[in-house]
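Numbering of residues begins at 1 and proceeds along the displayed sequence.
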Amino acid sequence: MGIQITDCTIRDGGYLFNKNSEPEFVKGIMEGLVDAGIDFVETGFLQVNVTGETLVYADSVDARKYLPDDTKATNFLGFCDNSRYSLEKLDVYDGKSFKWLRISFAQHEIDEALEFCAGAMRKGYIVQFNPMDSISYTDEQRAELIKKVNEVRPGSFSIVDTFGAMDMCDLVHIFKQVDTILDKRIKIGLHSHDNLGLSCALAERMIELASESGRDVIVDGSLFGMGRGAGNARTELLADYINKHCGGNYNIQKLLFTIDTYINPVLDSIRWGYDLPMYVCGTKHAHVDNVYHLSKQYGCTANEMYDIVGALSVQQRTRYGKSYSKTDFSVLDKAYSNYHRKDK
């Protein structure tokens, strides 16, 4: 059983800078993670529409500019959302940029994502396959997906807690099902968000489960938990746990130095982490854009958000689906109006 860490500071943290982090920040984070021995490091966003943001790349060649000259044992990772990128734009792997590629996709995009995965592998990449919002799948739907994944055989298949709604019972149930059905040569990953304050605990629990089954696993984190909304599991805590209990050899002081040098100085200008609106998102299984809109447009309290978001359907809360616009808040606005109409 092997345990690895993927650090998402550049990509998940990049949302806080509108995908436009300073180049010195990006390079410094990457170098620090390499020096600390982190296994995988996300480089930013692959997108069809490239409009000048520092973290948005057209292909692997575009992503090279920030990579350290000596990447040591660290693997760099390209990230793409299925709805924002296409296989045609992806260049053939040439050994000079990221080798691993992560694709994230919604449930209605499964077949497209599998085609992309197979095509990317033909171009020489190893794929981390990340279906969004794992707890929204029924057992039957998840089993069907895993059987299709086994036919393509990516490098890893992730359990993804998109909305920070997963608790320990969810994780144990999903991991055991995935571990039973998934080809043993495919690693199981975990990407979580800290809306319920459980990200690191979920990762540690999955490592325990993997030690019982012998499965290779990859746990995701970011330095100081940096990421949109509630943020993520903390890379430095995951590394410390693996060092102490699983024979890891990550350099914790290199991680702390990188946080001191690059993360602490931006704490006054950007914000992430657990708070009550993020709790509402987690406990109601809802996209953060819902509470952002209610706060900005109406100044809602967390107590009000709890009722208003709770009045939405499951699909409306998650803001994912074939016909649901992520920029149209008319349904949420109607729920807000109905909520206050009841008070009168």
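- Between the side chain of Thr74 and the main chain of Ile38, a donor-acceptor pair closer than 3.5 Å is present.
- With a 4.5 Å cut-off on side-chain heavy atoms, Val34 and Asp70 do not count as touching.
- When side chains are defined from C-beta on, His293 counts as touching Asp333, because their heavy atoms get closer than 4.5 Å.
- When side chains are defined from C-beta on, Tyr306 counts as touching Thr283, because their heavy atoms get closer than 4.5 Å.
- Remark: Asp220 engages Arg102 in a salt bridge, criterion side-chain N to carboxylate O under 4.0 Å.
- A donor-acceptor pair is defined here as one N or O able to donate and one able to accept, closer than 3.5 Å; no such pair exists between the side chain of Arg142 and the backbone of Val178.
- Between Arg185 and Asp183, at least one side-chain nitrogen of the basic residue sits less than 4.0 Å from a carboxylate oxygen of the acidic one, meeting the salt-bridge criterion.
- The shortest distance between side-chain heavy atoms of Met166 and Ser192 does not fall below 4.5 Å.
- Looking only at distances, no side-chain donor or acceptor of Ser295 sits under 3.5 Å from a matching main-chain atom of Val291.
- Remark: the backbone N or O of Ile186 is paired with a side-chain donor or acceptor of Arg215 at under 3.5 angstrom.
- In terms of modelled atom types and a separation under 3.5 Å, the side chain of Asp194 and the main chain of Leu198 share a donor-acceptor contact.
- You'll find the side chain of Leu276 stays beyond 4.5 Å of the side chain of Met305, heavy atoms only.
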> Run the side-chain contact (heavy atoms from CB on, under 4.5 Å) check on Cys300 and Ile308 step by step: do they pass?
Replying inline: CA-CA 10 Å; Cys300 287; Ile308 295 166; 4.0 Å; yes
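- A 4.5 Å side-chain heavy-atom check between Phe224 and Glu236 finds at least one atom pair inside the cut-off.
- A donor-acceptor contact shorter than 3.5 Å is absent between the side chain of Glu112 and the backbone of Glu109.
- Counting heavy atoms from C-beta outward, His285 and Asp133 have side chains that approach closer than 4.5 Å.
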>> Apply side chain to side chain donor-acceptor pair (under 3.5 Å) to residues Ser158 and Asn130 and explain how you reach the verdict.
In response: CA-CA 5 Å; Ser158 288; Asn130 281 36; 3.1 Å; yes
> Could you go step by step and tell me if Leu171 and Met206 meet the side-chain contact (heavy atoms from CB on, under 4.5 Å) rule?
Replying inline: CA-CA 8 Å; Leu171 174 74; Met206 192 176 84; 4.2 Å; yes
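- With hydrogens and angles disregarded, a donor-acceptor distance shorter than 3.5 Å links the side chain of Asp62 to the backbone of Ala58.
- Nearest heavy-atom pair, Ala120 versus Leu90, reported as atom, atom and distance to 0.1 Å: CB-CD2, 3.8 Å.
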>> Run Ile263 and Thr9 through side-chain contact (heavy atoms from CB on, under 4.5 Å) and show every step you take.
In response: CA-CA 10 Å; Ile263 306 271; Thr9 307; 4.0 Å; yes
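- One side chain, Asp179 or Ser213, offers a donor N or O that lies under 3.5 Å from an acceptor on the other.
- Ionic pairing of Glu151 and Lys148 is not present here: no N-O contact between side-chain nitrogen and carboxylate oxygen is shorter than 4.0 angstrom.
- Under the 6.0 Å cut-off for aromatic ring centres, Phe105 and Phe116 do not qualify, their centroids lying 6.0 Å or more apart.
- Between the side chains of Thr51 and Glu53, at least one donor N or O sits under 3.5 Å from an acceptor N or O.
- The same ILVMFWY cluster, assembled from side-chain heavy atoms under 4.5 Å apart, contains both Ile188 and Met168.
- A donor and an acceptor atom, one from each side chain of Thr301 and Asn303, are nowhere located under 3.5 Å apart.
- Partner of Phe40 under the ring-ring contact (aromatic ring centres under 6.0 Å, His included) criterion, out of Trp100, Phe98, Phe76: Trp100 alone.
- Using modelled atom types, one side-chain atom of Ser269 and one backbone atom of Val266 make a donor-acceptor pair closer than 3.5 Å.
- Listed for the Asn20 side chain is a donor-acceptor partner under 3.5 Å among the backbone atoms of Thr54.
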>> Is there a ring pair (Phe, Tyr, Trp, His ring centres under 6.0 Å) between Tyr66 and Phe25? Walk through the geometry before answering.
In response: CA-CA 10 Å; Tyr66 300 127; Phe25 177 89; over 10 Å; no
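- His245 and Tyr241 have tilted rings, their planes meeting at an angle from 30° to 60° on a 0 to 90° scale.
- Judged by distance alone, the side chain of His287 and the main-chain N or O of Asp289 form a donor-acceptor pair under 3.5 Å.
- With Leu77 as the fixed residue, the side-chain contact (heavy atoms from CB on, under 4.5 Å) test singles out one of Thr6, Thr43, Val41: Thr6.
- In this structure, Thr318 and Thr162 have side chains that are not in contact, with every pair of non-hydrogen atoms separated by 4.5 Å or more.
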